[in-house]
Protein chains: 2
Amino acid sequence: MSYSIGEAAKMVGLTAHTLRFYDKEGLLPFVKKTSSGLRAFTESDIEWLKIIECLKGTGLPLKQIKQYIDWCMEGDATIPQRLNMFIEQKKRVEEQKAKWEKHLEKINFKIKYYEDAAQHGDLNVFERNPKLLEEKKKLFED
Amino acid sequence: MSYSIGEAAKMVGLTAHTLRFYDKEGLLPFVKKTSSGLRAFTESDIEWLKIIECLKGTGLPLKQIKQYIDWCMEGDATIPQRLNMFIEQKKRVEEQKAKWEKHLEKINFKIKYYEDAAQHGDLNVFERNPKLLEEKKKLFED
DNA sequence: GCTTGACTTAGAGTTAACTCTAAAGATTAA
DNA sequence: TTAATCTTTAGAGTTAACTCTAAGTCAAGC
């Protein structure tokens, strides 16, 4: 059993247009076509799409995703490259997570700041609460 | 004391080109110019840039960042909108973090998978370790 | 058999966010 | 004062990742 491009698209939360675009970019060399030329997505193809989504969702550009797919198609000789790619990606994700953590602290500060401001209808927050000013300096000093 | 566009750019890790682009897009209405027409960035302007970086770094499009800046320029009446914006942004960041967490699990799985494959020089990982296949199914079932 | 809707391709268009260029003016160091 | 190195503008060009269009083909239900 297999899925049409529209069904596959729905299953992974993309559009058929996007899947065709990926195919054109060489990201879906594994997808076969029926005798009449329609793409037929297998369960295994859907898993490929999920891996692509995972890599795209963690910020890997399509070009590098294609590189990975190409390695997969080349066979066992490229296992070290593929392992290395995932190790690098893990590193990037963790760096990104750390960055977001820092950004989140700033956002939380701003929420505190504007909550006070909203309550009083003005921005004299630091005059009311000088400790917040210290906190701000720490958060934005780098 | 104030900074030239190049100095400011260096301080926040952007290029002078990018800062001019931001200015053109209306993101830097607070930056004043010298009598001879050069932009002069104050300490306070640098802080603005850091907030912009925080919002951009957590995925907010420049258009919406401009909306926030515009609200700031409008005065106290827009405090509720600004508070709301940061609350929404916090929500987005936390959703994104959760997504990345899931992606990271898949990446960690792939690392395990390819480590085994690299050790043996082939991809018969699931024949050697059927438990990994179960783990894979759980990770990619959604 | 016919209609309706999904599929095919090539290729054009869009959007966001830069990124660069050219020509001219400003600033700094020797 | 002069050379080198900024900075200014308007506007063009780039890149990634879609997004859409047109004209035609295919498939499923009646």
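What you see is a predicted model; the values in this text were computed from it and never measured. Proteins come first, then strands; the chains are lettered A, B, ... in the order of their sequence lines, and each starts at number 1.
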Rounded distance in Å - CD1 (B/Ile52) to C1' (C/dC18): 15 Å
Give me, pair by pair, the N or O atoms of the protein and of nucleotides 28-30 of chain C that are less than 3.5 Å apart, along with how far apart they are.
none

Backbone N/O of A/Lys131 and side chain of A/Glu134: donor-acceptor pair under 3.5 Å: no
Atom pair distance, as rounded to whole Å: CZ in B/Phe21 and C1' in D/dG11: 13 Å
Donor-acceptor contact below 3.5 Å, side chain A/Asp70 vs main chain A/Gln67: no
Pair listing, ring-ring contact (aromatic ring centres under 6.0 Å, His included) test, anchored in residues 120-142 of chain B, at least two apart: B/Tyr113-B/Phe126
SB check A/Arg128 A/Asp122 (cutoff 4.0 Å): yes
Parallel, tilted or perpendicular, as decided by the 30° and 60° cut-offs, for the rings of B/Phe86 and B/Tyr68: perpendicular
Residue pair B/Tyr22 / B/Lys56, side-chain donor-acceptor N/O under 3.5 Å: yes
Interatomic distance, B/Phe41 CZ vs D/dT8 P [rounded to whole Å]: 8 Å
Any residue of residues 60-72 of chain B with a heavy atom less than 4.0 Å from an atom of DNA chain C: B/Pro61, B/Leu62, B/Lys63
Whole angstrom value for the distance that separates C1' of D/dT19 from CD1 of A/Ile5: 14 Å
Donor-acceptor pair, side chain of B/Glu7 and main chain of B/Ser4, under 3.5 angstrom: yes
Flag, side chain of A/Thr58 to backbone of A/Cys54, donor-acceptor distance under 3.5 Å: yes
Atom-to-atom span, CD of A/Glu25 to P of D/dC18 - whole angstrom: 10 Å
Distance, rounded to the nearest Å, where B/Leu19 contributes CG and D/dT7 contributes C1': 13 Å
Would you list the atom pairs, donor with acceptor, under 3.5 Å between side chains in residues 93-107 of chain B and any protein atom, with sequence neighbours excluded?
{"unit_1": "B/Lys97", "atom_1": "NZ", "unit_2": "A/Glu101", "atom_2": "OE2", "d": "3.0"}
{"unit_1": "B/Trp100", "atom_1": "NE1", "unit_2": "A/Gly57", "atom_2": "O", "d": "3.4"}
{"unit_1": "B/Glu101", "atom_1": "OE2", "unit_2": "A/Lys97", "atom_2": "NZ", "d": "3.0"}

Below 4.0 Å: OP1/OP2 of D/dC6 and any side-chain N or O of B/Ser4: no
Per B/Tyr22 side chain, nearest of listed nucleotides C/dT9, C/dC18, D/dA17: C/dC18
Interatomic spacing from CG in B/Leu62 to CD1 in B/Ile52 - rounded to 0.5 Å: 8.5 Å
Gap between atoms CG and P, on A/Leu27 and D/dA16 respectively (whole Å): 13 Å
Nearest-angstrom distance from the residue atom CG of B/Leu28 to C1' of C/dC18: 14 Å
A/Arg39 vs C/dT9: side-chain N/O to OP1/OP2 distance below 4.0 Å: yes
Closest nucleotide among D/dT7, C/dT9, D/dT19 to the A/Lys33 side chain: C/dT9
Donor-acceptor under 3.5 Å (B/Thr78 side chain, B/Gln81 main chain): no
Protein proximity profile, nucleotides 20-30 of chain D - base contact B, sugar-phosphate-only contact S, no contact -, cut-off 4.0 Å on heavy atoms: BB----SS---
With sequence neighbours excluded, residues passing side chain to side chain contact (heavy atoms under 4.5 Å, CB included) with B/Lys112: B/Leu132, B/Glu135
